[in-house]
Number of protein chains: 2
Amino acid sequence: MATMHDVARLAQVSVSTVSYVLTGTRPISQATRDKVHAAMAELDYQPNAMARGLASRRSRIVGLLMPMDERGLGATETAFVTGAAAAASTAGYHLVLAPVGTTDLDDLRRLASQRMLDGAVLMEVQVEDGRVAVLQEAGVPLVLIGRTSDTAALSYVDIDFDQTVREAVDHLVGLGHTRIAYVNHSEAAIAAGYGPAVRTRDAFVARMAAHGLEPLMIAAEDSAAAGREALDAALAQAPDLTALLAMNENAVFGILGELAARGRTVPGDVSVVSMVTSPQVAELAHPALTAMTSPGSALGRIAVEALLRQLDGVTGDHHQQLLPCALEIRGSTGPPGR
Amino acid sequence: MATMHDVARLAQVSVSTVSYVLTGTRPISQATRDKVHAAMAELDYQPNAMARGLASRRSRIVGLLMPMDERGLGATETAFVTGAAAAASTAGYHLVLAPVGTTDLDDLRRLASQRMLDGAVLMEVQVEDGRVAVLQEAGVPLVLIGRTSDTAALSYVDIDFDQTVREAVDHLVGLGHTRIAYVNHSEAAIAAGYGPAVRTRDAFVARMAAHGLEPLMIAAEDSAAAGREALDAALAQAPDLTALLAMNENAVFGILGELAARGRTVPGDVSVVSMVTSPQVAELAHPALTAMTSPGSALGRIAVEALLRQLDGVTGDHHQQLLPCALEIRGSTGPPGR
DNA sequence: GCGGATTGTCGAAGCGTTTCGACTAACCGG
DNA sequence: CCGGTTAGTCGAAACGCTTCGACAATCCGC
């Protein structure tokens with residue numbers, strides 16, 4: 001491996017000059033720059049990332065922090081990851097995937113103090129999330145995907161759940177539905193303060209009230225089986241139900257299966273809207289699901305871009321942005337039955 | 001941030017002694033070790049990852065290389081990623097996600113020469129994969145998830161497609177099916193030499209021949225719509241079809257939808273086996289899919305563990321391992337109809 | 001009780017960059 | 001033509017660790 005010394009020697013300049021050519025920190029004459037570039041090309045020179053990181057105190061690595069406690073990632077979360085990875089890579093940064101749960105705060109403290117991360121993106125943020133304080137204390141710039149309750153001094157990108165729920169409810173109400181149930185994430189998720197679960201609950205209650213309708217919410221684990229149970233529960237509480245909103249990608253399929261098993265057609269008897277869903281997943285169902293399409297990889301990309309701007313930024317202010325999900329009408333919604 | 005100097009001063013030993021306490025490279029008396037540990041605790045000392053990496057020429061970072069050209073990751077690939085991340089994290093390594101396609105070999109060369117990666121795990125390996133040579137030339141140890149045609153000097157973990165296809169075919173034949181079609185990945189994937197597509201094709205042809213049956217393979221893009229078309233094509237070529245094997249997670253759902261639309265029941269009229277599928281996804285379908293369950297996160301974990309062993313290993317030899325998918329019988333297969 | 005191994009510690013030399021201060025030469029406005 | 005910028009370059013000092021060679025002290029078999 002060639003080092004900067006080798007390049008400097010071959011180009012007959014000093015090491016610092018080579019460094020300036022590379023970083024552009026100081027002006028260098030065109031002639032010198034050409035000599036240096038020629039030498040670098042000849043030696044097939046690549047700067048050593050560790051040395052650079054040590055001297056400049058910038059690793060050009062950002063972390064993507066996500067809890068791994070749960071049952072793997074859904075399609076939406078996977079899209080965050082790929083979006084973030086692509087954005088980092090484009091900007092010449094590296095993305096390390098750090099599986100650090102909301103409870104392993106000591107692990108996180110260790111990671112943050114190693115000075116390996118220039119910054120971090122937090123996924124699966126909870127309304128009260130201890131990771132935020134840990135990173136701030138360690139002086140690691142951060143951007144959230146999601147948000148905590150107090151966002152005053154934070155950068156975040158999140159889905160606009162208010163707007164998303166509003167559009168979904170309005171779509172159903174517009175079709176003429178009045179008995180609408182919402183199948184949310186699990187009780188555990190809600191209790192833990194998982195943002196999407198808490199915010200959609202509140203938004204649902206609010207929007208139904210605005211229409212003068214009674215809100216019915218059912219919590220369900222992330223599985224098809226739980227979806228079936230959720231449907232049972234919903235029908236028990238509201239036998240005259242004609243529409244369902246579901247946050248829970250996996251549960252939706254259980255709901256559809258159970259509806260079919262009970263001889264209820266979709267959308268003839270019951271309309272279904274899937275919230276925060278990727279088009280691919282929506283297409284898997286039969287009929288294809290009317291869904292609020294999540295801005296998946298865009299969220300990941302925007303989060304990383306905001307972080308990088310913050311890193312080499314004069315900017316004192318914070319990036320705070322909400323993205324709505326787009327309503328895509330497919331085959332699972334229609335006017336209420338007969 | 002406290003440095004090793006601070007620790008050494010406080011503990012009244014030399015810097016090198018602190019280093020030896022940390023790395024265990026040389027014996028240190030219990031008394032000294034205690035002093036040093038006390039000092040580290042008091043100062044809240046964390047070693048600087050960059051400095052350590054520079055001095056030791058080991059970054060403790062491994063790369064997970066995956067092409068991003070395609071339509072995001074499926075559930076199976078996501079499981080590789082999470083398995084790998086967990087394994088790396090457990091071993092005190094970091095995992096960087098590098099979206100480097102099979103065609104950006106120059107990007108890869110650059111990445112590999114930066115000395116940031118101690119080793120790499122390659123995902124989505126093609127039968128002829130240029131990335132392997134690039135990494136080998138750069139002297140970066142690597143482990144494949146998948147394998148190339150010539151595996152002589154390589155470490156890899158892969159799914160045992162032969163065995164998986166055999167079990168799936170035998171399951172259907174055992175139920176009494178004789179007209180069986182295989183819905184593979186796309187023509188493009190096959191042409192590009194994508195391992196799973198190529199190997200299952202060959203295995204299917206071979207196993208059908210062993211049973212004295214005629215193999216019928218249809219290629220389909222990874223989408224529900226393509227699955228519908230694939231079913232059309234299959235029925236056109238073999239109207240008396242009673243069973244389908246599908247490699248293509250997304251296409252399976254299209255196939256099920258189209259079967260329902262044509263009034264054919266599953267498994268009454270047609271049995272369906274989904275290959276290399278996660279249980280969660282299999283449960284989404286109605287009826288739940290009989291599937292060959294992919295060893296998802298285990299593959300990622302094993303790959304990383306093999307890589308790390310290779311890194312601090314005397315071992316000259318290579319880790320080569322095939323994992324079969326387990327047949328899990330659910331509701332989508334049964335004896336051929338009436 | 002002797003030679004050789006082992007244990008425990010230290011100082012110093014890297015590792016390959018960035019960055020700071022200093023210096024020269026050219027340039028510019030008055 | 002003089003003082004003050006600016007452009008262009010250099011040498012050396014970090015950056016925070018690992019590792020090598022050296023050395024003293026202790027141990028062990030015989």
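Both backbone and side-chain heavy atoms feed into the values below; hydrogens, waters and symmetry mates do not. Chain letters run A, B, ... following the sequence lines, proteins first, then strands; residues in each count from 1.
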* Polar side-chain atom of A:Asp118 near backbone of A:Ser59 as donor-acceptor pair, under 3.5 Å -> yes

* Asked: Ignoring hydrogens and angles, are the base of C:dG8 and the side chain of B:Ser29 linked by a donor-acceptor pair under 3.5 Å?
  -> no

* **Closest listed nucleotide, where the reference is the side chain of A:Pro27 and the choices are D:dA7, D:dC20, D:dC17** => D:dA7

* To do: Choose from C:dC10, C:dT18, C:dT19 the nucleotide whose nearest atom is closest to any side-chain atom of B:Val13.
  => C:dC10

* Asked: At under 4.0 Å, does any side-chain N or O of A:Arg52 touch on OP1 or OP2 of C:dT18?
  -> yes

* **Value in whole Å for how far the C1' atom of D:dA7 lies from CD1 of A:Ile28** => 9 Å

* Asked: Contact class for A:Ser56 vs. all strands (heavy atom < 4.0 Å): base, sugar-phosphate, or nothing?
  -> sugar-phosphate

* Could you check which of C:dG16, C:dT9, D:dC17 has an atom nearest any side-chain atom of A:Ala51? => C:dG16

* Structure fact -> Of the candidates C:dC15, C:dT17, D:dC10, the side chain of A:Met4 sits closest to C:dT17

* Has B:Ser19 got a side-chain N or O lying under 4.0 Å from the OP1 or OP2 atom of D:dT18? -> yes

* Give me the one residue out of A:Val121, A:Leu307, A:Val140 that meets side-chain contact (heavy atoms from CB on, under 4.5 Å) with A:Val62. => A:Leu307

* Asked: C:dG8 phosphate, OP1 or OP2: any side-chain N/O from B:Thr32 under 4.0 angstrom?
  -> no

* Of all the choices, C:dC10, D:dG16, C:dT17, which nucleotide is nearest to the side chain of B:Thr17 once you look at every atom? -> C:dC10

* Neighbour count >12 (heavy atoms, 6.0 Å) for atom CD, A:Gln136 -> yes

* Asked: With no angle test and no hydrogens, is the base of C:dT19 tied to the side chain of A:Arg26 by a donor-acceptor pair under 3.5 Å?
  -> no

* With a 4.0 Å cut-off on heavy atoms, is B:Thr3 in touch with a base, just the backbone sugar-phosphate, or nothing at all? -> sugar-phosphate

* To do: Please check the phosphate of D:dC17 (OP1 and OP2 only) for any side-chain N or O of B:Tyr20 closer than 4.0 Å.
  => no

* Asked: Can you check the B:Met50 CE to C:dG16 P distance for me, whole Å?
  -> 16 Å

* To do: Using atom types as modelled and distance alone, determine if a side-chain donor or acceptor of A:Ser89 lies under 3.5 Å from a backbone N or O of A:Ala86.
  => no

* Can you figure out which of D:dT19, C:dC10, D:dT18 approaches the side chain of B:Thr23 most closely? => D:dT18

* To do: Measure from CG on B:Leu54 to P on C:dC15 and round the result to the nearest Å.
  => 9 Å

